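Bear in mind the structure is a predicted one, so any value in this text is a computation, not a measurement.
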Amino acid sequence: MILELDCGNSFIKWRVLEAGSVSVVAEGVVGSNIALIESLLAAPALLLTRCRLVSVRALEETNKLIEALVEAFDVTVCCATSAVEMAGVRNGYEDFERLGLDRWLAILGGYKLASGACLVLDFGTAATADFVTADGEHLGGFICPGMPLMRNQLRTHTRKIRYDDAAAGRALERVLPGRTTAEAVERGCMLMLRGFVLTQVELARSYWGDDFMVFLTGGDADLVSDAVPQARLVPDLVFVGLAMACPLS
Ligand SMILES: Nc1ncnc2c1ncn2[C@@H]1O[C@H](COP(=O)(O)OP(=O)(O)O)[C@@H](O)[C@H]1O
Ligand SMILES: CC(C)(COP(=O)(O)O)[C@@H](O)C(=O)NCCC(=O)O
Ligand SMILES: [K+]
């Protein structure tokens, strides 16, 4: 079985595939290396032989995780790395290694699924947008704070914005003007993200007319999906690209 990991700034997304197949045997989201190992040990009947991973974390942190995986499961690990060009896509960054690896993999996945021009939007700790033309030219993209960063900035830089997670969860059931602090902040930040999305779609339309696909991914993608009904919500888009960057024969 193959262990796949997407190590973002806030969470590690993991899943296990049957070797030589696309069927997902187990999956989860965890907050730390230790929690990952514990979840994998707790999952029944996993026979891990290989692992592929992408990380936007510091090298030292990623290496610690790899060591822990090798020690616990004796897996062979393949780490996705940057490239100037892959699967028909040319990295648009001046310095290709500076483009976040999660973005690069989501771009590869999006271009493959679209077979044409695409706009890839990822809503994690940060929110990112990336533009790829029909002939595989990555034009670059945009980065702004995602939902967790926006709400935490308000909580830590004001005296009176304080509310708990339960109130935050309830607040997002509707988008009427907020009548509590939780509602006002949670809905305000969500509308910021939706505004970001609409701006990106407008830009893509100015380049390509209606001839492009929009992909939404990342843990908070469902918060914006109503704003772009034409978009495809692909929660595992980074994993699609990961399989392309780390083929395991
Ligand atoms: N099962 C889940 N576990 C944790 N966070 C989740 C989950 N589903 C959605 N989220 C949301 O996803 C966001 C984090 O997105 P993610 O793509 O994992 O970020 P990153 O890649 O930066 O670690 C959080 O704001 C959280 O509210
Ligand atoms: C933009 C990101 C912080 C997004 O990370 P995430 O929200 O998925 O944890 C990450 O892709 C990154 O660290 N990129 C390097 C800078 C860049 O892409 O220009
Ligand atoms: K991510």
Side-chain angles (χ1 to χ4, degrees), residues 6 8-10 54 56 80 82-151 153-154 172 175 186-242 244-245:
D6 170 7
N9 282 289
S10 303
V54 56
V56 293
S82 306
V84 174
E85 184 163 359
M86 178 170 284
V89 184
R90 278 174 308 285
N91 189 320
Y93 259 33
E94 286 177 13
D95 178 352
F96 73 97
E97 290 176 311
R98 295 268 166 192
L99 175 67
L101 272 172
D102 55 347
R103 294 173 63 193
W104 176 237
L105 297 186
I107 291 165
L108 295 181
Y111 186 70
K112 180 185 177 183
L113 297 182
S115 311
C118 59
L119 167 60
V120 178
L121 301 165
D122 190 329
F123 300 90
T125 311
T128 61
D130 281 283
F131 294 76
V132 186
T133 68
D135 53 9
E137 198 79 48
H138 170 231
L139 300 178
F142 299 95
I143 303 173
C144 72
M147 196 71 183
L149 284 184
M150 285 197 276
R151 68 157 73 86
Q153 285 297 94
L154 285 166
L172 286 172
V175 279
E186 291 292 313
R187 293 175 191 174
C189 293
M190 179 171 70
L191 291 177
M192 294 266 294
L193 285 187
R194 290 188 185 180
F196 175 77
V197 167
L198 294 176
T199 308
Q200 304 307 318
V201 171
E202 217 169 89
L203 187 58
R205 199 163 278 145
S206 77
Y207 293 149
W208 305 314
D210 286 326
D211 210 3
F212 65 95
M213 287 191 68
V214 184
F215 295 99
L216 304 178
T217 194
D220 286 322
D222 54 346
L223 296 183
V224 300
S225 55
D226 283 355
V228 259
Q230 75 273 35
R232 262 185 75 183
L233 186 61
V234 186
D236 66 352
L237 193 61
V238 170
F239 285 137
V240 174
L242 181 60
M244 297 164 73

Kindly list each side-chain donor-acceptor pair under 3.5 angstrom involving residues 204-227, sequence neighbours excluded, with atom names and distances?
| unit_1 | atom_1 | unit_2 | atom_2 | d |
| --- | --- | --- | --- | --- |
| Ser206 | OG | Leu203 | O | 2.6 |
| Thr217 | OG1 | Val234 | O | 2.8 |
| Thr217 | OG1 | Pro235 | O | 3.2 |
| Ser225 | OG | Asp222 | O | 3.2 |

>> Are more than 12 heavy atoms, taken from residues, nucleotides or ligands other than Glu94, located less than 6.0 Å from that residue's CD atom?
In response: no

>> Give me the atom names and distance for the closest heavy-atom approach of Val54 to Ala80.
In response: CB-CB, 4.3 Å

> Applying salt bridge (Lys or Arg N to Asp or Glu O under 4.0 Å), which residue pairs with at least one partner in residues 231-240 are found, sequence neighbours left out?
Replying inline: Arg15-Asp236

>> Please give me the minimum heavy-atom distance between Gly109 and Leu237, naming the atom from each residue.
In response: C-CD1, 3.7 Å

>> Once rounded to the nearest 0.5 Å, what's the spacing between atom CZ of Phe96 and atom CE of Met86?
In response: 10.5 Å

Indicate every side-chain donor-acceptor pair of residues 141-148 with a distance under 3.5 Å to a residue at least two apart or in another chain.
none

>> Going by ring pair (Phe, Tyr, Trp, His ring centres under 6.0 Å), name the residues that satisfy it together with Phe196, two or more places apart in sequence or in a different chain.
In response: none

> Could you state the interatomic distance from CZ (Arg194) to OG1 (Thr199), rounded to the nearest 0.5 Å?
Replying inline: 14.0 Å

>> On a heavy-atom basis, which atom in Trp104 and which in Leu99 lie closest, and how many Å separate them?
In response: CE3-CD2, 3.8 Å

Show me, pair by pair, the donor-acceptor contacts under 3.5 angstrom made by side chains of residues 113-134, not counting sequence neighbours?
| unit_1 | atom_1 | unit_2 | atom_2 | d |
| --- | --- | --- | --- | --- |
| Thr125 | OG1 | Ser10 | N | 3.4 |
| Thr125 | OG1 | Ser10 | OG | 2.6 |
| Asp130 | OD1 | Arg103 | NH2 | 2.8 |
| Asp130 | OD1 | His138 | NE2 | 2.7 |
| Asp130 | OD2 | Arg103 | NE | 2.9 |
| Asp130 | OD2 | Arg103 | NH2 | 3.4 |
| Thr133 | OG1 | Asp135 | N | 3.4 |
| Thr133 | OG1 | Asp135 | OD1 | 2.6 |
| Thr133 | OG1 | Glu137 | N | 3.0 |

>> List the residues meeting salt bridge (charged side-chain N to carboxylate O under 4.0 Å, His left out) with Arg151, not counting sequence neighbours, and say none if there are none.
In response: Glu186

> Could you state the interatomic distance from CE (Met190) to CE (Met150), rounded to the nearest 0.5 Å?
Replying inline: 10.5 Å

> When you look at CE of Met244, are more than 12 heavy atoms from neighbouring residues, nucleotides or ligands closer to it than 6.0 Å?
Replying inline: yes

